[in-house]
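Notes follow once the structure below has been shown.
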Amino acid sequence: MAAARRLSDKASLLRPLKDEHLLEVYREAKKMNLSSEFIELLEEALSIRQLSHYKEA
């Protein structure tokens with residue numbers, strides 16, 4: 001539970017990014033095979049914004 005809260009707190013740091021930029025960063029991170037922790041952080045930010053359904057679009 002505490003780990004999920006910390007992840008959510010970190011994901012909130014991505015708030016200044018526009019939705020389309022966050023999605024672009026996520027897709028590029030996946031293409032570049034960046035760290036799973038970073039991708040998980042991006043996925044949490046997408047989830048908070050209810051954009052998870054756009055991840056693969």
Side-chain angles (χ1 to χ4, degrees):
M1 178 88 168
R5 178 70 179 146
R6 283 192 302 268
L7 182 60
S8 183
D9 288 346
K10 289 178 183 177
S12 70
L13 295 173
L14 298 170
R15 197 173 307 144
L17 286 178
K18 293 181 179 182
D19 291 350
E20 57 269 16
H21 292 143
L22 178 60
L23 286 164
E24 183 179 344
V25 168
Y26 172 77
R27 290 179 187 131
E28 289 299 315
K30 292 286 280 189
K31 281 184 200 173
M32 296 171 63
N33 199 26
L34 297 182
S35 75
S36 59
E37 293 85 5
F38 182 64
I39 292 173
E40 187 177 341
L41 176 66
L42 294 170
E43 288 174 343
E44 177 66 17
L46 290 169
S47 177
I48 289 169
R49 295 184 193 200
Q50 300 178 342
L51 297 173
S52 298
H53 56 286
Y54 292 110
K55 288 192 312 193
E56 298 303 323

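Just so you know, these numbers use all the heavy atoms, side chains as well, and skip hydrogens, waters and symmetry mates.
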_Separation between CD of E43 and NZ of K30, rounded to the nearest 0.5 Å_ = 5.5 Å
*Does atom CD of E20 have more than 12 heavy-atom neighbours from other groups under 6.0 Å away?*
yes
*asked:* Quick check: closest heavy atoms across L41 and A11, and the distance to 0.1 Å?
replied: CD1-N, 3.3 Å
_Salt bridge flag under 4.0 Å for residues K31 and E28_ = yes
_If I compare all heavy atoms of S47 with all of S52, which pair ends up nearest, and what's the gap?_
CA-OG, 3.4 Å
*With rounding to the nearest 0.5 Å, note down the distance linking CG in L42 to CG in L22.*
6.0 Å
*Using a 4.5 Å cut-off on heavy atoms from C-beta on, say whether the side chain of H21 contacts that of E24.*
yes
*I48 side chain near S8 side chain, heavy-atom distance below 4.5 Å*: yes
_Common cluster, M32/L23, ILVMFWY with side-chain heavy-atom separation under 4.5 Å_ = yes
_Gap separating the CG atom of D19 from the CG atom of L46, nearest 0.5 angstrom_ = 8.5 Å
